[in-house]
Amino acid sequence: MAETTTTTPAAGDDPPRPYDDPPRPHDGPSRPHDGRDDSSRTYGVLGDSLRTYRMVAAMWIRSTMTYRSSFALTLFTSFCVTFFDFVVILLMFGQVKGLGGFSFAEVAFLYGTAGTAFGIADLTMGSLQRMGKRVRDGSLDTFLMRPAPLLAQVAADKFALRRFGRVAQALLVLVWSLLLLDVAWTPVKAVLLPVTVVCGAVIFAAVMVIGASALFWMQDAAEVTNSFTYGGNTLLQYPPSIFAQELVRGVVYVVPLAFVSWLPALYVLGRPAPAGVPDWAAFASPLVALACCGVAGLAWRAGIRSYRSTGS
């Protein structure tokens, strides 16, 4: 009969426990250094996010283009629906010659810059409006299980190419206004115009991310967050001179939507900034966009940490 032997732990050693988790090399302060600094990790995360967004959006675009006639019809419908916003301005100037001291071409310029910036943001990040529904029904758990950045997945999910109709309509009005305006163009103004549109789109996108982050706690408050995006777009389509000074200060110093189009557009048009706003603020859109992205990132991280899945 074979003799069985038992091994006793040496003095000072802890006895093995069968339910202990296996050691993980990345836990604790002894995490091995992978040779990359923080900036390279940041660029790596950004690259992963862009790659994920591109792949998910491309999948939905291929699905949309399967039915080309349906897509063409929905794109044309989107163009027409958004054009009715500009029809209101056309009818208004059919009765008056100016609005708050601004001519029709100047108001069309404000409409075009704000509408193009918002259209780009809505095209790329508009799916974040469904965040409240995803939190309520637990479908967000599906995105969390995938080894890919969550924000990129949620923003690209159900990518609606038909929203390009809004971009095309606003861009058409912007080009038309530039043909009507008699602007004393300088190299600074020529560079400021595309920078304004791009930075305005980034600011709107950051506001959308902040609004989606709030839906982690307030799942039914999508309309409240839309008031800062869709409502802000409508606000910026009209001259700041027709609004109360308190409202103008609010969109400059509280929710900085004035940097989307108002302040840079006033500089391009050769008009002074609103009372109490320094002239250099017309060039601050890139800094404001960067700050908004930082706030949006912090809000998104806080929202994810607070998420406790369905039924919590």
Side-chain angles (χ1 to χ4, degrees), residues 42 45-46 48-57 59-61 114-115 117-164 166-167 198-236 250-251 254-257 259-260 288-312:
T42 300
V45 172
L46 181 60
D48 291 342
S49 298
L50 293 176
R51 190 180 307 108
T52 300
Y53 185 95
R54 184 176 65 252
M55 292 175 61
V56 177
M59 176 188 68
W60 285 101
I61 291 176
F118 176 75
I120 296 173
D122 187 49
L123 174 66
T124 55
M125 307 296 287
S127 295
L128 290 176
Q129 301 172 23
R130 302 185 180 91
M131 179 59 67
K133 180 179 181 298
R134 292 190 176 101
V135 173
R136 286 195 307 271
D137 60 20
S139 59
L140 186 64
D141 295 352
T142 305
F143 297 96
L144 289 169
M145 294 174 62
R146 299 169 182 168
L150 177 62
L151 180 58
Q153 293 185 73
V154 176
D157 184 56
K158 297 186 182 301
F159 185 87
L161 192 58
R162 67 178 183 277
R163 290 176 177 154
F164 183 75
R166 179 187 292 273
V167 182
V198 173
C199 292
V202 173
I203 293 173
F204 266 130
V207 173
M208 291 179 180
V209 174
I210 295 173
S213 303
L215 297 179
F216 280 103
W217 296 279
M218 304 176 295
Q219 293 86 4
D220 298 320
E223 295 303 325
V224 177
T225 60
N226 287 344
S227 64
F228 292 97
T229 53
Y230 288 91
N233 176 45
T234 303
L235 175 73
L236 297 175
V251 296
V254 182
V255 183
L257 295 179
F259 294 90
V260 171
V288 173
L290 184 62
C292 288
C293 289
V295 175
L298 294 175
W300 182 256
R301 289 177 179 269
I304 294 176
R305 291 193 186 100
S306 69
Y307 181 65
R308 293 297 180 268
S309 189
T310 311
S312 60

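The shown structure was predicted, so the numbers you read here are calculated from the model rather than taken from an experiment. Residue indices begin at 1 and follow the sequence shown.
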In the structure I gave you, are the side-chain heavy atoms of [X] and [Y] within less than 4.5 Å of one another anywhere?
{"X": "F216", "Y": "V135", "answer": "yes"}
{"X": "T52", "Y": "V56", "answer": "yes"}
{"X": "V154", "Y": "L140", "answer": "yes"}
{"X": "M208", "Y": "F118", "answer": "yes"}
{"X": "R163", "Y": "T124", "answer": "no"}

For [X] versus [Y], what's the shortest heavy-atom pair and its separation?
{"X": "A121", "Y": "A201", "result": "CB-O, 3.5 Å"}
{"X": "A152", "Y": "S49", "result": "CB-O, 3.3 Å"}
{"X": "V202", "Y": "C293", "result": "CG1-SG, 3.4 Å"}
{"X": "L123", "Y": "Y53", "result": "O-OH, 4.2 Å"}
{"X": "W300", "Y": "A212", "result": "CZ3-CB, 4.3 Å"}
{"X": "G200", "Y": "A117", "result": "C-CB, 3.7 Å"}

Can you tell me how far [atom2] of [Y] sits from [atom1] of [X], rounded to the nearest 0.5 angstrom?
{"X": "S213", "Y": "L151", "atom1": "OG", "atom2": "CG", "value": "8.0 Å"}
{"X": "L144", "Y": "I304", "atom1": "CG", "atom2": "CD1", "value": "7.0 Å"}
{"X": "L236", "Y": "F259", "atom1": "CG", "atom2": "CZ", "value": "12.0 Å"}
{"X": "I203", "Y": "T229", "atom1": "CD1", "atom2": "OG1", "value": "14.0 Å"}
{"X": "L257", "Y": "L235", "atom1": "CG", "atom2": "CG", "value": "7.5 Å"}
{"X": "R166", "Y": "N233", "atom1": "CZ", "atom2": "CG", "value": "6.5 Å"}

Do other residues, nucleotides or ligands put more than 12 heavy atoms under 6.0 Å from the [atom1] atom of [X]?
{"X": "F228", "atom1": "CZ", "value": "no"}
{"X": "M59", "atom1": "CE", "value": "yes"}
{"X": "R146", "atom1": "CZ", "value": "yes"}
{"X": "F143", "atom1": "CZ", "value": "yes"}

With side chain to side chain contact (heavy atoms under 4.5 Å, CB included) as the test, would you mind laying out the steps for D122 and Q129 before giving the verdict? CA-CA 10 Å; D122 187 49; Q129 301 172 23; 3.7 Å; yes
Is the closest basic N to carboxylate O distance between R134 and D157 below 4.0 Å? yes
Under the criterion side chain to side chain contact (heavy atoms under 4.5 Å, CB included), I'd like the reasoning laid out for V224 against M218: C-alpha separation, chi angles, the key distance, then a yes or no. CA-CA 10 Å; V224 177; M218 304 176 295; over 6 Å; no
Pair L150, Y307 - check side chain to side chain contact (heavy atoms under 4.5 Å, CB included), show working. CA-CA 13 Å; L150 177 62; Y307 181 65; over 6 Å; no
Mind checking what makes side chain to side chain contact (heavy atoms under 4.5 Å, CB included) contact with R54, not counting sequence neighbours? R51
